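Could you have a look at this structure, given as structure tokens, before my questions?
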Amino acid sequence: MKNKQKDFLTLKDYSREEILYMIALAAKIKKDKKLYSDLLKSKSIALLFDKHSTRTRLSFEAGIEQLGGNCIYIDASTLQLKRGETVQDSAKVFSGYLDGLVIRTFKQETVEVFAKNSTITVINGLTDLYHPCQILSDLFTIQELGMLDKNLKFTYVGDCNNVSNSLMIGFAKLGIDMTIGCPKVYKPSEDIMEYAMHLAKESESSINITDDPIKAVENADIIYTDVWISMGDEDSEEKTKALTQFQVNSKLAHYAKPDVKIMHCLPAHRGQEITSEVMDGENSIVWQQAENRLYAQKALLVYLYS
Ligand code: CP
Ligand code: NVA
């Protein structure tokens, strides 16, 4: 498939065909790790990170190197950007030195302004609003299990955040139903919900939201959860209290199918959104999910730079 994209900022900009194409590429790359090993020869891609990261940072660093490229990690706090140089000016300067930039930051607007003012490829490595790299990888993991089809009963439980926002868009693009179980106060924002529901209608799928955790996971094939307090969020006792009944523990998982798969983008707060018993249990696929970030990130780079 010929790439028509410069950037990867949100799954909103990508078609069903493009997402499926990248998932297939990830599978090919996982099978033959030496594939495309010269693709990024003489190319420099920087990671500009404003927040902590283990998986996103390492999978891009290793992935860029394995594709023959040069990776530069930048701690955002050391840049003139933090002393008031504008995003627009920084984007123009970056464009003169680099071939691409992966940004992890707070506002979605920052990655959008970076992309608009640069001539290089900009990839969203997580913002407060979206985490498209994670979801591309998760869709690959679900495909690898042979479960990415119309019959899948996929449930996200917990806090609605960047991960659940991107999951909603990803599933709606692919025309697969999704259920969300969350307290009413922590449901997705109206505009994202409206957008994703519209997409789902177009692809003849649905997004169901319930504040009943048992109803949410009943008969589920996959239960996915994420932290209750995301990076940059205020920790609050009130939030933890409201989310307690949405903890993924063996009692809750019991309402799902017996062979339910458990997903978590990680890092996990064991004992909070998920118990160790479930995370280390035989239905958990979190390590496969984490490993697949490498192949998904490589597939994304191959698609963007081919
Ligand atoms: N899942 C994920 O993005 O992990 P990191 O925060 O470690 O990059
Ligand atoms: N929702 C989490 C995801 C971490 C990968 C956060 O933003 O902290």
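Both counts, for ligands and for their atoms, begin at 1 and track the order of listing. Computed from heavy atoms alone, side chains included, the values below leave out hydrogens, waters and symmetry copies. Values in this document were obtained by computation on a predicted structure and should not be read as measured data.
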Below the 3.5 angstrom mark, is there an N/O of Arg57, backbone or side chain, next to an N/O of ligand 1?
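Among all N and O atoms of Arg57, none is under 3.5 Å from an N or O of ligand 1.
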For Tyr305 and Tyr36, what are the C-alpha separation, side-chain angles and deciding distance, and is it a ring pair (Phe, Tyr, Trp, His ring centres under 6.0 Å)?
CA-CA 11 Å; Tyr305 288 93; Tyr36 306 104; over 10 Å; no
Check contact between Arg293 and ligand 1, using heavy atoms of the residue and a distance below 4.0 angstrom.
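Yes; Arg293 lies near enough to ligand 1 that a heavy-atom distance drops under 4.0 Å.
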Closer than 4.0 angstrom, basic N to acidic O: yes or no for Asp280 and Arg270?
yes
Here's one to test your reading of the geometry: is the NZ or CZ of Lys239 within 45 degrees of the ring axis of Tyr186 and under 6.0 Å from its centre?
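That pair qualifies as a cation-pi contact.
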Less than 3.5 Å between some nitrogen or oxygen of Leu266 and one of ligand 1, yes or no?
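Leu266 vs ligand 1: N/O contact under 3.5 Å present.
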If the contact criterion is a heavy-atom separation under 4.0 Å, does Leu266 count as touching ligand 2?
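Yes; Leu266 lies near enough to ligand 2 that a heavy-atom distance drops under 4.0 Å.
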Begin from the C-alpha positions of Arg57 and Leu47 and carry the test side chain to side chain contact (heavy atoms under 4.5 Å, CB included) through to its verdict.
CA-CA 7 Å; Arg57 176 177 175 176; Leu47 309 185; 4.2 Å; yes
Which ligand 1 atoms, with their elements, are less than 4.0 angstrom from a heavy-atom of Arg104?
3 (O), 5 (P), 6 (O), 8 (O)
May I ask you to identify the nearest protein heavy atom to atom 8 (O) of ligand 2, giving residue, atom name and distance to one decimal place in Å?
Met231 N, 2.8 Å
Around atom 3 (C) of ligand 2, find the nearest protein heavy atom and jot down its residue, atom name and distance.
Asp226 OD2, 3.6 Å
Ligand-side contact atoms (ligand 1) for residue partner His131, heavy atom cut-off under 4.0 Å
2 (C), 3 (O)
Cationic N near anionic O, under 4.0 Å, Glu237 to Lys241
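No salt bridge links Glu237 with Lys241.
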Give the intermediate values and the outcome of side chain to side chain contact (heavy atoms under 4.5 Å, CB included) for residues Tyr224 and Gln289.
CA-CA 11 Å; Tyr224 193 125; Gln289 191 186 350; 3.5 Å; yes
Determine whether the side chain, the backbone, both or neither of Asn162 has a heavy atom under 4.0 Å from any heavy atom of ligand 2.
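Within the 4.0 Å criterion, Asn162 contacts ligand 2 through side-chain atoms alone.
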Sub-3.5 Å N/O-N/O distance, Leu126 and ligand 1:
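Leu126 vs ligand 1: no N/O contact under 3.5 Å.
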Atom 7 (O) of ligand 1 - nearest protein heavy atom and its distance
Thr54 N, 2.6 Å
Nearest protein heavy atom to atom 4 (O) of ligand 1, by residue and atom, and its distance?
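Here the closest protein heavy atom is Arg55 NE, 2.9 Å.
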Going from CZ on Phe140 to CD1 on Ile29, what distance comes out if it is rounded to the nearest 0.5 angstrom?
9.0 Å
Are Asp50 and Lys82 within salt-bridge range, i.e. N to O under 4.0 Å?
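Looking at Lys82 together with Asp50, the answer is yes, because their closest N to O distance falls below 4.0 Å.
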Which of the numbered atoms in ligand 1 are under 4.0 angstrom from any heavy atom belonging to Gln134?
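Counting from 1, the qualifying ligand atoms are 1 (N), 2 (C), 3 (O).
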Residue, atom name and distance, where the atom is the protein heavy atom closest to atom 4 (C) of ligand 2
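Its nearest protein heavy-atom neighbour is Leu126 CD1, 3.9 Å.
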Assess whether side chain to side chain contact (heavy atoms under 4.5 Å, CB included) is satisfied between Val87 and Leu81, documenting all intermediate values.
CA-CA 7 Å; Val87 172; Leu81 196 56; 4.1 Å; yes
Asn161 heavy atoms, cut-off 4.0 Å: which ligand 2 atoms fall inside?
1 (N)
Please assess Thr155 against Val157 for the test side chain to side chain contact (heavy atoms under 4.5 Å, CB included), listing each intermediate value before the final yes or no.
CA-CA 6 Å; Thr155 294; Val157 283; 3.9 Å; yes
